[in-house]
Amino acid sequence: MIDLRLVREHPDLVTASQRARGADESRVDELLAADAARRDAVRHADELRAQQKAASQAVKKAAPEERPAVLERARALAAEVKEAEEALRAADAALRAAHLRLPNVVHDGVPPGGEDDAVTLRTVGEVPGYDFEVRDHLQIGEALGAIDTERGAKVSGARFYFLTGPGALLEFALAQLAITRAVAAGFTPVVAPALVKPEAMEGTGFLGEHDEEVYRIERDDLYLVGTSEVALAGMHAGEVLDLSSPRRYAGWSSCFRREAGSYGKDTRGIIRVHWFDKVEMFSFCRPEEAAAEHLRLLAWEEEFLRALELPYRVVDIAAGDLGTSAARKYDIEAWFPSQGAYRELTSTSDCTTFQARRLNIRYKDADGRNQTAATLNGTLCAIARTIACLLEVHQRADGSVHVPAALRPWLGGAEVLTPGMALAAPVPPAA
RNA sequence: GGAGGCUUCGCCUAGUCCGGUCUAUGGCGCCGCACUGCUAAUGCGGUUUGGGUUAACCCCCAUCCCGGGUUCAAAUCCCGGAGCCUCCGCCA
């Protein structure tokens, strides 16, 4: 939810944001009207309640002969209060609905337009040349005995997979590398629940226009998270935090996505799947620090990809392609040789106070007043897709795959993965 | 899954049986002021969180885990739910 004061005092800014998103501008006026209506309802109900309270007090003080009359007046007022409260409830609900319909206000400088209007900020690393016919990650993974999508489909359906042998080791190697680096950077590592209540899902903005993407366990009224962002944001719901410096978590969890509406897209391999594991960075900070924190998250993402020796580019996502909660979003797209294209590998969003307001996450400012916090998230490593990218980029003519130095400690020191190789046990980095 | 107990303004706590004097008691902590040439101690005052209104102060409303209900009136009575604890069962 955006700040109501901003809408009241600078509706033009909010309208401009809607325009940049290509979203309905009239929603701003709807929200203003709902806000005014609610305040009227509050005033009316409060006033009646005050009268009714006084009348009720008078009952017990009334002399016996006055009592019936006083009681009658109190009764009448009670009925009026009840009516006013019903009207207030309706006005509250209308305001909330209008409030929830409005996405976050985009930052200045976000490119206008939609999916095709993203601006490439920089391109890092050399796109390798291959003097042989490149294979895609599934061909490579199958040859290595690392990825099995056929049996994944047998057991769970399309877009499921098994990681086996070196594939399974790669999963843990990447998770270890991500968590190790995050801890070194000062993040608190977290293993987060993948099943959450509706409040957490709604609070992070995933039940709006994108609720088709989400798995719901109807019987228990729980949702499977699409990212641990949901649990990490919800972790501090309703709390007042000390944010003298940003509070940073690196959360590991499985992620589940229905991929509704993506039929026919990326059907091969493990680039787009219903389930994968991910290490996610999440920050709580003061709103004035959010933009700087956003760049820090982006920098950590880039360092991770450089450690994996993957060529990539950084993209500033256009307003129309931003999620509901985001005021700005940078994607990092890594090179996939089999597609001859850069594809999204990580993503970081500045949600400003939008999520925290819904989730009621606050901090005390210098004057000791409670203020709404800002939240930001960023992918450190979406494991399945990263494995796919690694296999493709680092493939060699003979079907083997180069292992980046950063990953070797967790792959038994192996410098290369070769079909049929004996698996070495992971060795922790030298003490 | 079954049985019982608990949940009060940061923490602890009084109040709940028997509805109105609860505008919620006291302690700890915290903040301010006074006093003591330091520290400590002491005294006085303040200290839930939201909303409405306001230039501001004031004032008003809500808030005793949450949601309903009874009543002129609910921390208190009734119904439903959540969380925590204990015991039994089951389970990795």
Side-chain angles (χ1 to χ4, degrees), chain A residues 1-10 31-100 191-203 216-223 231 234-244 247 252-254 284 287 353-373:
Chain A
M1 290 189 282
I2 67 172
D3 188 352
L4 271 181
R5 265 173 319 189
L6 181 73
V7 188
R8 282 177 203 152
E9 290 164 20
H10 303 287
L31 180 58
L32 278 172
D35 178 46
R38 188 200 72 111
R39 281 191 289 171
D40 283 345
V42 165
R43 212 173 307 129
H44 185 234
D46 277 1
E47 205 169 291
L48 279 173
R49 226 182 273 121
Q51 284 177 31
Q52 203 269 339
K53 237 168 114 171
S56 179
Q57 298 287 333
V59 169
K60 69 178 156 141
K61 291 185 202 132
E65 63 274 16
E66 291 171 341
R67 208 179 154 82
V70 176
L71 200 63
E72 192 40 55
R73 184 176 136 72
R75 274 204 193 101
L77 276 167
E80 280 188 67
V81 167
K82 199 166 182 175
E83 216 170 286
E85 281 182 343
E86 245 157 70
L88 174 58
R89 242 193 304 274
D92 264 330
L95 173 63
R96 185 174 164 76
H99 206 171
L100 287 176
V191 178
L195 221 42
V196 301
K197 296 189 198 181
E199 300 93 278
M201 217 61 187
E202 179 169 88
R216 176 162 181 217
I217 312 290
E218 201 159 342
R219 188 168 164 171
D220 297 290
D221 201 18
L222 290 170
Y223 291 88
M235 184 160 69
H236 288 305
E239 296 182 26
V240 178
L241 304 174
D242 174 10
L243 291 182
S244 41
R247 201 172 174 118
W252 181 92
S253 87
S254 291
F284 299 89
T353 57
F354 189 85
Q355 290 179 331
R357 187 165 291 107
R358 288 185 178 186
L359 292 166
N360 191 27
I361 302 168
R362 294 169 297 172
Y363 70 98
K364 284 212 189 299
D365 66 14
D367 300 327
R369 265 192 257 275
N370 288 330
Q371 302 285 0
T372 303

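In what follows, chains are A, B, ... by sequence order, proteins preceding strands, each numbered from 1.
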Check: When rounded to the nearest Å, what value does the distance between C1' atoms of C6(B) and C66(B) take?
Finding: 16 Å
Notebook entry, point to check: Which base sits across from C59(B) as a Watson-Crick or G-U pair, both distances under 3.5 Å?
Noted result: G52(B)
Margin query: Pairing check on A92(B): which nucleotide meets the Watson-Crick or G-U wobble criteria with it, both distances under 3.5 Å?
Written below: none
Next item on the list: Before accepting this row, confirm whether a basic side-chain N of the pair Arg39(A)/Asp35(A) lies closer than 4.0 Å to the acidic partner's carboxylate O.
Entry: yes
Notebook entry, point to check: Is Arg49(A) salt-bridged to Asp46(A), cutoff N-O under 4.0 Å?
Noted result: yes
Note to self: Taking only the P atom of each, what is the distance from C57(B) to U63(B) in whole angstrom?
What the structure shows: 24 Å
Margin query: Can you check the distance between C87(B) and C79(B), where both ends of the measurement are the P atom (answer in whole Å)?
Written below: 28 Å
Check: Do side-chain atoms of Arg357(A) reach the backbone of Thr372(A) as a donor and acceptor pair under 3.5 angstrom?
Finding: no
Under 3.5 Å, N/O pairs linking protein and nucleotides 19-22 of chain B:
from: G20(B); atom 1: O2'; to: Lys60(A); atom 2: NZ; distance (Å): 3.4
from: G20(B); atom 1: N2; to: Ser56(A); atom 2: O; distance (Å): 3.0
from: G20(B); atom 1: N2; to: Ser56(A); atom 2: OG; distance (Å): 3.0

Note to self: Determine whether Glu239(A) and Arg247(A) satisfy the following criterion, salt bridge (Lys or Arg N to Asp or Glu O under 4.0 Å), listing intermediate values before the conclusion.
What the structure shows: CA-CA 13 Å; Glu239(A) 296 182 26; Arg247(A) 201 172 174 118; 5.9 Å; no
Item checked: Candidates G50(B), G51(B), A73(B) - which lies nearest the side chain of Arg362(A) -> G50(B)
Check: Which value, rounded to the nearest 0.5 Å, describes the distance between Arg369(A) atom CZ and Lys364(A) atom NZ?
Finding: 11.0 Å
Notebook entry, point to check: Quantified in whole Å, what is the P atom distance between nucleotide U86(B) and nucleotide U16(B)?
Noted result: 28 Å
Margin query: For a 4.5 angstrom cut-off between non-hydrogen side-chain atoms, does Leu95(A) reach Leu4(A)?
Written below: yes
Protein N or O to nucleotides 54-59 of chain B N or O, pairs below 3.5 Å:
none

Check: Is the backbone of Val59(A) close enough, under 3.5 Å, to the side chain of Arg67(A) for a donor and an acceptor to pair up by distance?
Finding: yes
Check: In whole Å, what separates the P atom of C72(B) from that of G67(B)?
Finding: 23 Å
Margin query: Quick check: on RNA chain B, is the nucleotide nearest Arg43(A) upstream (toward 5') of the one nearest Lys364(A), or the reverse? Name the residue that is more 5'.
Written below: Lys364(A)
Check: Is there a Watson-Crick or G-U wobble partner for G37(B) with both distances under 3.5 Å, and if so, which one is it?
Finding: none
Check: Expressed in whole Å, how much space separates the P atoms belonging to C12(B) and G29(B)?
Finding: 16 Å
Margin query: Please classify the nucleic acid contact of Arg369(A) as base, sugar-phosphate, or nothing, using heavy-atom distances under 4.0 Å.
Written below: nothing
Item checked: Distance (rounded to the nearest 0.5 Å) between Thr353(A) OG1 and Ile2(A) CD1 -> 9.0 Å
Checklist line | Salt-bridge present (Arg89(A), Asp92(A); N to O < 4.0 Å) | finding: no
Check: How far, in whole Å, is C60(B) from G5(B) if one measures between their C1' atoms?
Finding: 40 Å
Notebook entry, point to check: Using purine N1 to pyrimidine N3 plus N6-O4 or O6-N4 for Watson-Crick, or N1-O2 and O6-N3 for G-U wobble, both under 3.5 Å, which nucleotide pairs with G29(B)?
Noted result: U47(B)
Margin query: As a quick check of understanding, evaluate side chain to side chain contact (heavy atoms under 4.5 Å, CB included) for Leu100(A) and Arg358(A), giving each step before the final call.
Written below: CA-CA 9 Å; Leu100(A) 287 176; Arg358(A) 288 185 178 186; 3.6 Å; yes
Checklist line | Gap between atoms CG and P, on Asp220(A) and G81(B) respectively (whole Å) | finding: 16 Å
Next item on the list: Return the value, rounded to whole Å, for the distance between atom CG of Asn370(A) and atom P of G51(B).
Entry: 10 Å
Checklist line | Complementary nucleotide of G67(B), counting Watson-Crick and G-U pairs under 3.5 Å | finding: C79(B)
Notebook entry, point to check: More than 12 foreign heavy atoms under 6.0 Å from CD of Glu65(A): is that the case here?
Noted result: yes
Note to self: Taking any heavy-atom pair under 4.0 Å as a contact, classify Ala55(A): base, sugar-phosphate, or nothing.
What the structure shows: nothing
Check: Which parts of nucleotides 60-70 of chain B does protein reach within less than 4.0 Å, heavy atoms only, written one letter per nucleotide 5' to 3' as B for base, S for sugar-phosphate only and - for none?
Finding: SSS-----S--
Check: Just how far, in rounded Å, is P of U49(B) from CD1 of Ile361(A)?
Finding: 18 Å
Checklist line | Interatomic distance, Glu199(A) CD vs A82(B) P [rounded to whole Å] | finding: 12 Å
Check: Taking all non-hydrogen atoms of both residues, which atom of Val7(A) and which atom of Leu32(A) are closest, and how far apart?
Finding: O-CD2, 3.6 Å
Checklist line | Separation between the C1' atoms of A73(B) and G2(B), rounded to whole Å | finding: 40 Å
Note to self: Going by purine N1 to pyrimidine N3 plus the second Watson-Crick contact, or the G-U wobble pair, all under 3.5 Å, which nucleotide sits opposite C72(B)?
What the structure shows: G20(B)
Check: To the nearest Å, how far apart are Lys197(A) NZ and A82(B) C1'?
Finding: 7 Å
Note to self: A side-chain contact here means heavy atoms from C-beta on lying under 4.5 Å apart; do Arg362(A) and Leu241(A) qualify?
What the structure shows: no
Checklist line | Nucleotide C72(B), atom P - distance to CD of Glu80(A) in whole Å | finding: 15 Å
Note to self: Judged by each residue's nearest nucleotide on RNA chain B, which is more toward the 5′ side, Asp35(A) or Ala74(A)?
What the structure shows: Asp35(A)
Notebook entry, point to check: For Leu71(A) and A73(B), what is the distance between atoms CG and C1' respectively, to the nearest whole Å?
Noted result: 10 Å
Next item on the list: Check the surroundings of atom NZ in Lys82(A): do more than 12 heavy atoms from other residues, nucleotides or ligands lie under 6.0 Å from it?
Entry: no
Check: Using purine N1 to pyrimidine N3 plus N6-O4 or O6-N4 for Watson-Crick, or N1-O2 and O6-N3 for G-U wobble, each under 3.5 Å, what pairs with C84(B)?
Finding: G5(B)
Margin query: Rounded to whole Å, how long is the line connecting atom CZ of Arg39(A) with atom C1' of G51(B)?
Written below: 11 Å
